[in-house]
Amino acid sequence: MQVIELRSDTLTRPTPAMRRAMAEAPVGDDVFGEDPTVNRLEAMAAECTGKAAALLVPSGTMGNLVAQLTHCGRGCETILGDQSHVFYYEQGGAAALGGIHPRTIPNRPDGTLDLEATTAAIRPDDLHFPRTRLILLENTHNRCGGAPLTPAYVAAVGRLAAAHGLKLHVDGARIFNAAAALGVSVRELAAPADSISFCLSKGLAAPVGSLLCGSREFIAEARRNRKVLGGGMRQAGVIAAAGIVALTEMVDRLPEDHANARKLAEGLAEIAGVAVDPAGVRTNIVYFDVTRPDMDAQALARRMKASGVALLAAGPRRIRAVTHYQVSAGDIEAALSAFRRVLAGDA
Ligand SMILES: *Cc1c(COP(=O)(O)O)cnc(C)c1O
């Protein structure tokens with residue numbers, strides 16, 4: 001049975017064009033700076049984010065960790081959302097490996113941090129306190145339903161950071177989804193940030209890789225930090241080649257994923273036993289709640305899996321569904337039929 005894979009956009013497999021590009025990529029030793037395909041991908045990433053330089057890293061987690069290590073020293077503090085991927089899903093790596101202290105403030109449902117709360121969290125100069133050094137934003141915001149942060153909001157946080165001598169890092173794992181949803185450029189969304197990371201391996205369908213982008217000096221230091229974390233890669237052009245295809249061929253189709261996510265949410269809103277707010281679906285992520293009292297998220301996900309639809313239980317009653325290029329409009333119709341059957345049946 002062909003499974004409709006809605007657990008994550010990381011489950012996308014490389015396209016035929018990516019496989020060909022990987023097979024044919026000119027390569028060299030990237031630790032020596034001699035891989036032409038990596039160099040080309042890094043130049044493209046710098047260009048599309050409007051930064052002076054970029055660095056290929058194996059994962060989004062490493063991109064965020066390298067960014068924090070590069071901006072902060074031991075004993076420094078970062079301000080970040082309590083629902084952020086960096087705080088929630090990255091093992092507290094900045095604290096564990098970098099001695100960097102996280103200061104969370106609540107994410108609002110739209111993924112933003114309140115500017116007053118952010119300002120209030122900045123430490124005054126006092127020998128009792130760690131030194132605040134960095135603000136982190138996430139765009140789109142995974143745990144806040146894939147919400148895109150607007151250029152105006154990111155710019156306001158950028159001004160706040162600059163006014164207090166802080167740096168701003170954007171975890172832009174899905175920044176191309178944000179740009180597509182808002183009809184703005186990635187460059188505009190990245191402009192207020194000192195650094196931004198984004199993933200090639202999610203909706204853009206590359207098998208591996210993220211880019212960290214920033215100033216030339218920042219990226220030179222980030223390159224050292226990538227190396228100490230074991231992220232120095234040799235003939236990495238083989239993966240960078242797929243990343244180049246991701247940036248050139250896979251960005252313009254993201255609105256299809258957003259339309260499919262919206263269609264899924266609208267369909268679910270018509271089905272008894274689950275609750276969803278379709279208006280809250282702005283990009284490719286749909287969160288919904290299981291309201292049927294005799295079923296929890298695990299039970300529904302298990303029954304849907306048996307009907308050929310893979311979902312992620314994200315809480316006791318919460319389920320996440322993510323659309324991507326291997327999910328067609330027809331698959332959404334088929335998934336909705338499966339939901340209707342399963343939710344009408346016995347638990
Ligand atoms: C996936 C993701 C990451 C980390 O990416 P990995 O490549 O899985 O390490 C970081 N931030 C956000 C918001 C993500 O969704």
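Side chains are part of it too, since the values below use all heavy atoms of this structure and drop only hydrogens, waters and symmetry mates. In this text, all values refer to a predicted model and were calculated from it rather than measured experimentally. Position 1 is the first residue of the sequence; numbering continues from there. First listed ligand is number 1; within each ligand, the first listed atom is number 1.
Taking every non-hydrogen atom of Asn64 and a distance limit under 4.0 Å, the qualifying atoms of ligand 1 come out as 10 (C). Residue Ser59 approaches ligand 1 through these ligand atoms, each under 4.0 Å from one of its heavy atoms: 7 (O), 9 (O). Against a heavy-atom cut-off of under 4.0 Å, Gly60 is close to the following atoms of ligand 1: 4 (C), 5 (O), 6 (P), 7 (O), 9 (O). The distance from ligand 1 to the heavy atoms of Ala173 drops below 4.0 Å at these ligand atoms: 2 (C), 11 (N), 12 (C), 13 (C), 14 (C), 15 (O). Using a 4.0 Å cut-off to heavy atoms of Lys202, the atoms of ligand 1 that qualify are 1 (C), 2 (C), 3 (C), 4 (C), 5 (O), 12 (C), 14 (C), 15 (O).
Among the atoms of Cys199, none of the N or O lies under 3.5 angstrom from an N or O of ligand 1. The N/O atoms of Asp171, backbone and side chain alike, include one that comes under 3.5 Å of an N/O atom in ligand 1.
Between the Arg317 side chain and the Arg292 main chain, a donor and an acceptor come within less than 3.5 Å of each other.
Regarding atom 13 (C) of ligand 1, its nearest protein heavy-atom neighbour is Glu138 OE2, 3.1 Å.
Of all the heavy atoms of Val86, none lies under 4.0 Å from any atom of ligand 1, so neither backbone nor side chain is involved.
Side chains of Thr291 and Asp289: no donor on one and acceptor on the other come within 3.5 Å. The closest side-chain donor-acceptor pair between Ser197 and Asn64 falls under 3.5 angstrom. Using modelled atom types, one finds a donor on one side chain and an acceptor on the other under 3.5 Å when comparing Asn142 with Arg320.
Look at Met62 and you'll find every heavy atom at least 4.0 Å from all atoms of ligand 1. Residue contact annotation: His141 has no non-hydrogen atom under 4.0 Å from ligand 1.
Using a 30° and 60° split on the angle between ring planes, His169 and His71 fall in the tilted class, from 30° to 60°.
Between Ala301 and Ile319, the closest heavy-atom pair is N-CD1, 4.3 Å.
Looking at Val57, Thr61, Thr10 and measuring to atom 9 (O) of ligand 1, the nearest heavy atom belongs to Thr61. When Arg174, Arg143, His85 are checked for heavy-atom proximity to atom 4 (C) of ligand 1, His85 turns out nearest.
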Worksheet entry | Step-by-step side-chain hydrogen bond (donor to acceptor under 3.5 Å, both in side chains) determination, Asn225 to Thr70 | CA-CA 7 Å; Asn225 286 325; Thr70 307; 2.9 Å; yes
Practice prompt. Determine, stepwise, if the pair Tyr89 / Arg143 fulfils side-chain hydrogen bond (donor to acceptor under 3.5 Å, both in side chains).
Written response: CA-CA 10 Å; Tyr89 294 123; Arg143 285 182 60 85; 2.9 Å; yes
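Residues Phe218 and Leu136 are members of separate hydrophobic clusters, defined by side-chain heavy-atom contacts under 4.5 angstrom among Ile, Leu, Val, Met, Phe, Trp and Tyr.
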